[in-house]
Amino acid sequence: MFALVDGNNFYASCEQVFQPQLRKTPLVVLSNNDGCAIARCAQAKALGIRMGQPAHELKDYISRFGLKMRSANFTLYGDMSDRVVSILRTFTPRLEVYSIDESFLDLSGVSNRLELAQDIRYTVNQWTGIPCCVGIGPTKTLAKLANKWAKKHGGVIDASDRGLRAEIMAQFPVEDLWGVGRKWAAKLEGMGIETAQALVEADPALILQHFGVVMARTQKELQGKPCIALEEAEPDRKQIIVSRSFGQRIEDPGLVGEAAATFATRACEKLRQRGLVASGVWVFAQTDGFRLDLPQHYPSRAVALPQATGDTRLVLEAVRGLLRGMLRKVINCIDSK
DNA sequence: TCTGGGGTCCTAGGACCC
DNA sequence: TCTGGGGTCCTAGGACCC
């Protein structure tokens, strides 16, 4: 049995904890470069502000609705996340930190689950100021479903109760399921499968054939058969990426090189922090995909290092080598147009 | 008409997650 | 003028090997 504890509007809630004047107004947290909204408080959501909506489209909301915008402070959110997790650990040591604002708890053997969930919710909020919701289910996918439902239905849902679960699943859109994104939701709906309940009842062979093993697993999990285990230890990263969009259009390849060197340096820091070494280096660049009127380029190059390393100098050397071939090609391509 | 049959590795692309 | 930054896994196809 699993519980999923999820901080509500996590980044926005973190800002509100430290800036009480933000608690009564619509608030969005912006991405790097202040480009777009990556978190919205409840009031901002109620205004119809979308996840990922460009900041420049929100200017109007400032004067019309008193919208506040804040640049993201990921260090702060990381610290708050650690505090929440340490509180959760006082309830059970069997815990998986799934993301910065979500943890799965193993509730096997717990009989008074609903009571425990209420207690967790109350304690996290009292000690950190972060509001959260708790969903309970016999599989991780069902705990996710319960958690999503809890957000609009009282903050805590125990979907291990079969009656309640059936009631929720009959109304639960497939597009809101964990493991079903936009593309697959559209395809499922095209096949007449619109709710979690409909997916549970669909022919497993058909699901496997049209969507593959991942969706087949989701279907089983929805049936209450666990396929995804709790991962208490965080696995080592297989790749570490540092990338940024440029705030404005740039034409000087030298700037791309400088940026790549900065990102590679940062990536090596992250690598060493985790006690890892890199066996290869990958560099990519992209032209502005929003400029539909211009030709697009997505050059990338990868190279295996002769010996795995965390040494910034060696990685930088590799990056420079990759960039030489990569950018020359793009520049020639642009020049020939 | 019929073209061997596997295995492994690599890459690219597509789907998903937060 | 202005549109994020990370990650994972799966699949298909080609190269290469025996």
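Residue numbers start from 1 in every chain, and the chains themselves are labelled A, B, ... in the order their sequence lines are given, proteins ahead of strands.
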- Query: Hey, what's the ring geometry for A:Phe104 with A:Trp178, parallel, tilted or perpendicular (30° and 60° as the breaks)?
  - Reply: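 Ring orientation, 0 to 90° scale: tilted.
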
Give, ordered by number, those residues of [range] having at least one heavy-atom distance below 4.0 Å to an atom of DNA chain C; if nothing qualifies, reply none.
range                       : answer
residues 45-56 of chain A   : A:Pro54, A:His56
residues 190-207 of chain A : none
residues 25-35 of chain A   : A:Ser31, A:Asn32, A:Gly35
residues 74-106 of chain A  : none

Report task. Could you check if a side-chain atom of A:Ile120 sits within less than 4.5 angstrom of a side-chain atom of A:Leu105, using non-hydrogen atoms only? Result ->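 A:Ile120 reaches A:Leu105 side chain to side chain.
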
Requested in this report: State, with a plain yes or no, whether a side-chain heavy atom of A:Asn9 is found less than 4.5 Å away from one of A:Gln16.
Outcome: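 The answer is no, as the side chains (C-beta and beyond) never meet within the 4.5 Å cut-off.
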
Pairs: protein N or O with nucleotides 10-12 of chain B N or O, under 3.5 Å:
none

Expected list for residues 208-226 of chain A near DNA chain B, using heavy atoms below 4.0 Å, is none

The correct set of residues in residues 176-188 of chain A placing a heavy atom under 4.0 Å from DNA chain B is A:Leu177, A:Trp178, A:Gly179, A:Val180, A:Gly181, A:Arg182, A:Lys183, A:Trp184

Exercise for review: Identify all stems in which DNA chain C takes part, counting only runs of at least 3 consecutive pairs (Watson-Crick or G-U wobble, each distance under 3.5 Å), and give each as one range with another, ordered by first number.
Suggested key: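 Only these stems qualify: B:5-18 with C:5-18.
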
Exercise. A:Cys36 has a side chain; which of C:dG4, C:dG5, C:dC2 sits nearest to it?
Worked result: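 So the nucleotide nearest the side chain must be C:dG4.
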
The nucleotide from C:dG7, C:dG4, C:dC2 with an atom nearest the side chain of A:Ile240 is C:dG7

Next on the checklist: What I want to find out is whether A:Glu15 reaches A:Lys68 closely enough, with some N-O distance under 4.0 Å, to be called a salt bridge.
Outcome noted: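 A:Lys68 and A:Glu15: not salt-bridged.
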
By ring-ring contact (aromatic ring centres under 6.0 Å, His included), A:Phe65 pairs with (sequence neighbours left out) A:Tyr61

So, using ring-ring contact (aromatic ring centres under 6.0 Å, His included) as the criterion, who are the partners of A:Trp184 when residues are at least two apart?
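Counting only residues at least two positions away or on another chain, A:Trp184 forms a ring-ring contact (aromatic ring centres under 6.0 Å, His included) with A:Phe211.
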
Taken in chain and number order and not counting sequence neighbours, the residues that satisfy side chain to side chain contact (heavy atoms under 4.5 Å, CB included) with A:Tyr11 are A:Val29, A:Ile38, A:Ala39, A:Phe74, A:Tyr77, A:Ile100

Contacts of A:Arg272 that satisfy side chain to side chain contact (heavy atoms under 4.5 Å, CB included) - sequence neighbours left out: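 If we apply the side chain to side chain contact (heavy atoms under 4.5 Å, CB included) test to A:Arg272, skipping adjacent residues, the hits are A:Cys268, A:Glu269, A:Thr312.
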
Whole-Å C1' distance, B:dG4 and C:dC17: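 Comparing C1' positions in B:dG4 and C:dC17 gives a spacing of 14 Å.
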
Practice problem: Return no unless some side-chain N or O of A:Ser245 is found under 4.0 Å from OP1 or OP2 of C:dG5. | Solution: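 Looking at the OP1 and OP2 atoms of C:dG5, one of them is under 4.0 Å from a side-chain N or O of A:Ser245.
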
